[in-house]
There are 4 protein chains.
Amino acid sequence: MADQDSLITQLFDEEEELTDKQKKIIIAAIESFSEKGYAATSTSEIAKKAGVAEGTIFRHYKTKKDLLLGIVAPAMAKLLAPFVIKDLYKVLDTKYEHFEDFLRAMIENRAAFLKKNLPLFKILIQEIPFHPELKEQFTEHIAKKVFDRFIKLTEYYQEKGQIIDLPPQQILRLTITTIMGYFIARYLFLPEADWNDEEEIELTIQFLMRGLAAN
Amino acid sequence: MADQDSLITQLFDEEEELTDKQKKIIIAAIESFSEKGYAATSTSEIAKKAGVAEGTIFRHYKTKKDLLLGIVAPAMAKLLAPFVIKDLYKVLDTKYEHFEDFLRAMIENRAAFLKKNLPLFKILIQEIPFHPELKEQFTEHIAKKVFDRFIKLTEYYQEKGQIIDLPPQQILRLTITTIMGYFIARYLFLPEADWNDEEEIELTIQFLMRGLAAN
Amino acid sequence: MADQDSLITQLFDEEEELTDKQKKIIIAAIESFSEKGYAATSTSEIAKKAGVAEGTIFRHYKTKKDLLLGIVAPAMAKLLAPFVIKDLYKVLDTKYEHFEDFLRAMIENRAAFLKKNLPLFKILIQEIPFHPELKEQFTEHIAKKVFDRFIKLTEYYQEKGQIIDLPPQQILRLTITTIMGYFIARYLFLPEADWNDEEEIELTIQFLMRGLAAN
Amino acid sequence: MADQDSLITQLFDEEEELTDKQKKIIIAAIESFSEKGYAATSTSEIAKKAGVAEGTIFRHYKTKKDLLLGIVAPAMAKLLAPFVIKDLYKVLDTKYEHFEDFLRAMIENRAAFLKKNLPLFKILIQEIPFHPELKEQFTEHIAKKVFDRFIKLTEYYQEKGQIIDLPPQQILRLTITTIMGYFIARYLFLPEADWNDEEEIELTIQFLMRGLAAN
DNA sequence: CATGAATGAGATTTCATTCAT
DNA sequence: GATGAATGAAATCTCATTCAT
């Protein structure tokens with residue numbers, strides 16, 4: 001519960017004044033949505049899991065979809081976006097002199113973050129293809145911001161002669177694809193296989209480095 | 001319709017003797033499931049789209065879930081599995097002398113295949129996490145078969161000194177992850193972005209080659 | 001099967017020319033109706049049990065109800081009625097000098113008959129309350145005929161001073177009630193209890209004799 | 001309605017807090033089940049008769065079968081069992097010195113009771129053969145309890161030399177069979193015949209007395 | 001705020017019956 | 001006669017949502 005409380009405080013501002021029940025609803029909804037998918041989860045199920053009357057959900061969220069958005073939107077705005085963007089700043093502050101250092105910092109951070117917020121991550125991945133609103137929010141909050149910064153960052157390392165001279169968009173695509181590919185395989189497709197995370201991450205970094213290093 | 005007919009003939013043996021209506025049901029179900037997801041698709045919707053009475057669906061499939069499995073199971077067994085495995089044979093017949101040739105053949109083939117069977121592919125990707133039966137079938141039909149062959153294939157190229165000396169499982173993971181990462185981004189997450197497929201594929205191959213080449 | 005064939009030949013005249021399939025349908029229907037009740041039995045279930053296509057049932061019987069009546073009506077007319085009435089004749093032919101002999105013959109005969117035709121008997125008992133047509137047939141074929149004969153028979157034994165001087169209707173009611181009560185308890189309510197049939201029947205006869213004997 | 005309310009209060013504890021609609025559902029279900037049988041009664045029919053939305057039924061009872069059990073179980077536990085057993089106590093308190101007094105009290109009481117709760121009685125009789133759960137409950141709540149007491153009671157009268165020296169189980173079987181036989185004929189099979197209840201009951205008692213009296 | 005009974009639209013499923021072959 | 005695919009009406013059941021308390 002300490003864990004979930006921290007999730008809640010991360011997701012919502014203090015002024016938002018969530019009641020106890022509302023918090024429980026959010027936690028229950030995240031759990032159910034991530035396990036069975038949005039469409040296959042009933043509100044009554046969420047209510048039961050939250051220990052709350054069925055009507056209570058609808059005091060706080062006009063519709064079931066509202067509940068989804070009420071979870072995913074702040075998750076993107078408050079959790080994912082800042083986190084995704086975070087280190088991208090530091091590079092230009094010359095925090096990471098080498099692309100490899102940057103990669104390593106980024107991946108390790110993200111891995112820890114994803115593991116902690118796995119359910120939210122699963123909801124995002126699974127529901128985005130079905131809800132245009134989510135896709136919009138995603139592009140709005142994440143894609144755009146990442147894109148600009150990453151372009152600059154890539155150019156920075158390219159100028160330093162560290163990475164290959166490809167259009168930055170493609171560097172971006174390959175990087176994200178490789179990293180996300182690992183995470184999706186790891187957490188969505190074969191979560192029960194036994195993974196040696198540290199080794200896989202190092203492997204992934206080395207692979208990326210070889211693939212993107214200037215020759 | 002010619003297109004779908006070919007899909008049907010690929011998915012089902014001739015002896016199975018599907019009636020006309022049953023074919024229409026399958027086509028409609030594939031379309032709807034892939035667009036809205038299994039749980040969010042109603043059988044009445046499928047019936048309407050197929051131009052069939054709702055009862056007709058249940059004459060052929062005892063439950064809605066049966067319908068899903070009745071589509072996905074043959075899709076894996078008849079379509080996906082042979083296709084995925086196909087070129088893996090040829091390598092040992094020294095069809096592809098260089099790993100790069102193999103990669104290129106494999107990716108190009110798969111890309112064409114996926115584009116043609118996109119809806120089935122989407123259903124697979126989206127529903128596997130929610131249906132243990134599907135996951136089992138997947139491991140059974142696809143994962144196991146690919147795994148063994150790919151190991152041998154990797155060792156073959158490693159002996160020829162063409163690719164890096166990593167455990168074959170990891171070569172496999174990186175290869176699949178990179179390729180699937182592209183496809184998922186391309187077709188599931190950002191299908192409407194305008195992609196230059198040829199260029200991206202070539203890029204991906206080069207990236208993989210650099211990442212996996214023996215130094 | 002020999003058994004069922006004999007049932008069929010008892011139920012239907014030879015001229016009726018039942019096809020093989022029709023016989024199977026009848027046998028299957030009797031089995032299912034008696035086990036689960038008419039309303040809870042589906043025609044498709046009967047078809048499957050009979051090894052016959054669903055449509056075949058409706059070639060022979062316009063409706064499901066027709067099938068019920070097509071079984072129960074001949075069962076009453078051909079099987080039950082003659083059997084019930086049978087010994088009632090003999091009495092007046094002075095076959096049975098004592099009421100007790102008559103009772104014993106009647107009960108033992110009936111018991112054997114019921115055991116052999118239990119499913120039909122169950123259908124009759126269970127469905128009569130819900131189908132006015134059956135009730136009518138029952139009164140028509142059985143009740144009326146029995147009634148008249150039994151009245152005479154009772155008077156015969158009353159004149160001989162063997163049984164108590166009550167209105168024959170009441171003698172009839174008590175007799176039937178006692179006998180049927182035993183059969184219903186035995187076969188419908190507690191069929192799986194272990195009954196010593198011979199003993200119970202003898203007991204029942206003695207009980208009836210004491211209850212009805214002229215003092 | 002006053003009548004049904006009393007039925008409801010008899011069937012359910014006050015703490016159970018049935019809503020008004022739930023009561024209406026129960027009353028409607030009892031009526032329909034007893035008239036047409038469980039399998040032939042649709043939930044929509046019950047809903048309409050109860051003046052309630054169909055969904056409301058399923059809010060209170062997960063399945064249609066649950067509704068049946070939710071009616072029959074308390075009917076056995078609260079109504080039938082106490083009633084059946086009731087006078088059996090009194091005998092040993094020397095309330096009834098003669099077996100005949102006991103019989104008369106028992107039958108008259110039960111007749112009144114049955115007439116009042118006819119629908120419930122019909123449901124019980126008609127559905128027990130098809131639902132193992134009901135049969136179990138019946139043996140549990142009724143049969144077992146009656147059995148023990150009746151054995152003792154019989155021995156009591158046997159010691160007093162009032163009834164015949166048969167194994168008590170058989171005395172029990174004959175007694176119940178005779179009484180129930182009357183009730184079933186009276187209320188299930190020929191309810192519309194015109195019965196002179198008082199006379200029939202007296203007749204039945206006399207018959208039983210003669211049949212069971214010690215000679 | 002919270003409850004939970006009630007709703008009614010709709011989802012899944014069953015089933016008697018029809019009909020072209 | 002026999003088949004079994006197809007039907008559509010109806011049955012069972014689910015569920016998001018409302019509302020009186």
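Being a predicted model, the structure only gives us computed values, none of them experimental. Numbered from 1 within each chain, the chains take letters A, B, ... in sequence-line order.
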Checklist entry - Counting only side-chain N and O atoms of B:T19, is one of them less than 4.0 Å from OP1 or OP2 of F:dA6? => result yes
Next on the checklist: What I want to find out is whether D:K65 reaches D:E133 closely enough, with some N-O distance under 4.0 Å, to be called a salt bridge.
Outcome noted: yes
Item to check | Among E:dT12, E:dG8, F:dA16, the nucleotide that comes nearest once only the side chain of D:A53 is considered | outcome: E:dG8
Checklist entry - What does D:Q22 touch in the nucleic acid at a heavy-atom separation under 4.0 angstrom: a base, only the sugar-phosphate, or nothing? => result nothing
Checklist entry - What interatomic distance, in whole Å, is found between P of F:dT21 and the corresponding atom of E:dC1? => result 22 Å
Item to check | 5' priority, DNA chain F, between A:T63 and C:H60 [closest heavy atom] | outcome: C:H60
Checklist entry - For E:dT12, does OP1 or OP2 lie under 4.0 Å from any side-chain N or O of B:T43? => result yes
Checklist entry - Taking the side chain of B:T56 as heavy atoms from C-beta outward, which of E:dA6, F:dG1, F:dT7 is closest to it? => result F:dT7
Checklist outcome for this item: B:K23 NZ to F:dA5 C1', in whole Å, measures 14 Å
Checklist entry - Taking atom P of F:dC15 as reference, at what distance in whole Å does atom NZ of A:K65 sit? => result 18 Å
Checklist entry - What is the distance, rounded to the nearest whole Å, between atom OH of A:Y61 and atom P of F:dA16? => result 16 Å
Next on the checklist: Rounded to whole Å, how long is the line connecting atom CZ of C:F58 with atom P of F:dA5?
Outcome noted: 16 Å
Checklist entry - Taking the side chain from A:T56 and the backbone from A:A53, do they hold a donor-acceptor pair closer than 3.5 Å? => result yes
Next on the checklist: Distance check needed: F:dT12 P versus D:K48 NZ, whole Å only.
Outcome noted: 13 Å
Checklist entry - Of the candidate nucleotides E:dC1, F:dT17, F:dA2, which contains the atom at the shortest distance from the side chain of C:K21? => result F:dA2
Item to check | Watson-Crick/G-U partner (both atom distances under 3.5 Å) of F:dA20 | outcome: E:dT3
Item to check | Stacked cation flag D:K122 on D:F33, 6.0 angstrom / 45 deg | outcome: no
Item to check | Spacing of C:I46 atom CD1 relative to E:dT14 atom P, expressed in whole Å | outcome: 17 Å
Checklist outcome for this item: Sorted by position of nearest nucleotide on DNA chain E, 5' first, the leading residue of B:K62 and D:V52 is D:V52
Item to check | Along DNA chain F (nearest heavy atom to each residue), the more 5'-positioned of D:S42 and B:E54 | outcome: B:E54
Item to check | Gap between atoms CD1 and P, on A:I57 and E:dT3 respectively (whole Å) | outcome: 11 Å
Next on the checklist: Given E:dA11, F:dT3, F:dA16, identify the nucleotide with an atom nearest to the side chain of C:R59.
Outcome noted: F:dT3
Next on the checklist: For the backbone of D:S32 and the side chain of D:E35, can you confirm whether one donor and one acceptor N or O come within less than 3.5 Å of each other?
Outcome noted: no
Item to check | First encountered from the 5' end of DNA chain E, between C:A40 and B:A39 | outcome: B:A39
Next on the checklist: What is the separation between atom NZ on C:K24 and atom P on F:dA2, rounded to the nearest whole Å?
Outcome noted: 10 Å
Next on the checklist: Counting the atoms with a prime plus P, OP1 and OP2 as sugar-phosphate, which does D:S44 contact under 4.0 Å by heavy atoms, base, sugar-phosphate, or nothing?
Outcome noted: sugar-phosphate
Item to check | Cation-pi, C:Y38 ring and C:K64 (6.0 angstrom, 45 degrees) | outcome: yes
Next on the checklist: When you compare the side chain of D:Y61 with that of D:L69, does any pair of heavy atoms fall below 4.5 Å?
Outcome noted: no
